[in-house]
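As structure tokens, the structure follows; a few thoughts come after it.
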Amino acid sequence: MASLFKDSAKISAYRDRRFNGTQEEFEQSLLNSTTVYIGNMSFYTTEEQVYELFSRAGEIKKIIMGLDKNSKTPCGFCFVLYYSREDTEDAVKYISGTILDDRPIRVDFDWGFVEGRQWGRGRSGGQVRDEYRTDYDPGRGGYGKLVQRE
Ligand code: GTA
């Protein structure tokens, strides 16, 4: 069956500012990659839970948990690497928006894992979005870091 995901502009709204290449190379990577990014995870979700859910889409090569660069503890995202493109597309199609640890997770195509990408890029060590959040989210450390500093 022909792939439903032919146009990279439509398959991911995220642009990694640290991707070392042209826009065209970035888009090609998204279309061919066998890596997905999982967002909106609880800090308490384990690699075993991720494995259990994402192996429903196909055989997993590797899971890389996203970590706070200061505390080295999970900070609410991860990368799942599959062997096949079909399984990667199935993960985005069928698992995105499903509930893991009481939270709707977001599954996004990713250009590919390289060393260093497992660390949160926010000033406080976690993810950028957790710097600016103004809501109280007990699964992600309470209030956003800027609100906590006020
Ligand atoms: N494939 O959606 C994604 C994605 N995200 C959000 C992060 N990564 C992603 N990969 C894919 N799809 O390896 C990857 C990164 C990195 C790791 C940690 O996860 O490539 P990060 O989340 O700490 O930092 O990354 P990143 O990616 O640099 O964050 P970005 O794009 O600036 O902002 C993320 C969110 O924060 C967005 O929702 C944005 O709207 C919000 N945000 C950013 N700046 C502000 C601001 N000034 N005010 C309010 N909100 C802000």
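Counting starts at 1 for both ligands and their atoms, following the listed order. Because only heavy atoms are used, hydrogens play no part in the values below, and waters and symmetry mates are left out as well, while side chains stay in.
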Could you check whether any side-chain N or O of Thr98 sits under 3.5 Å from a backbone N or O of Tyr94, counting only pairs where one atom can act as donor and the other as acceptor? no

Between Arg123 and Val128 (side chain of the first, backbone of the second, donor and acceptor by atom type, cut-off under 3.5 Å), is there such a pair? no

How far is [atom] from its nearest protein heavy atom, and which residue and atom name does that atom have?
| atom | result |
| --- | --- |
| atom 1 (N) of ligand 1 | Asp110 OD1, 2.8 Å |
| atom 8 (N) of ligand 1 | Tyr37 CE1, 3.3 Å |
| atom 25 (O) of ligand 1 | Arg121 CD, 3.8 Å |

Looking at [X], which atoms of ligand 1 are within less than 4.0 Å of one of its heavy atoms?
| X | answer |
| --- | --- |
| Trp119 | 18 (C) |
| Phe79 | 13 (O) |
| Asp16 | 20 (O) |
| Arg129 | 35 (C), 36 (O) |
| Phe109 | 1 (N) |

If you take the nearest heavy atom of each of Phe113, Tyr14, Phe77, Tyr132, which one is closest to atom 17 (C) of ligand 1? Phe77

Heavy-atom proximity to atom 2 (O) of ligand 1 ranks first, among Arg106, Arg117, Lys69, for Arg106

Under 3.5 Å, is there a donor-acceptor pair between the Thr73 and Asp68 side chains? no

In this structure, which one of Ile63, Asp87, Leu81, Ile105 forms a side chain to side chain contact (heavy atoms under 4.5 Å, CB included) with Phe54? Ile105

Of the side chain and backbone of Asp108, name the one, both, or neither that has a heavy atom under 4.0 Å from an atom of ligand 1. side chain

Glu27 with Arg15: basic N within carboxylate O range, under 4.0 Å: no

Looking at atom 39 (C) of ligand 1, tell me if a protein heavy atom falls under 4.0 Å from it. no

Is the shortest distance from atom 15 (C) of ligand 1 to a protein heavy atom below 4.0 Å? yes

For Ser33 and Trp111 the tightest heavy-atom approach is CB-O, 4.0 Å

Students often mix this up, so state it plainly: with edges at 30° and 60°, are the rings of Phe79 and Phe113 parallel, tilted or perpendicular? tilted

Would Trp119 and Leu67 count as a side-chain contact (heavy atoms from CB on, under 4.5 Å) if you check the C-alpha gap in whole Å, the side-chain angles of each, and the deciding distance to 0.1 Å? CA-CA 5 Å; Trp119 306 116; Leu67 301 175; 3.6 Å; yes

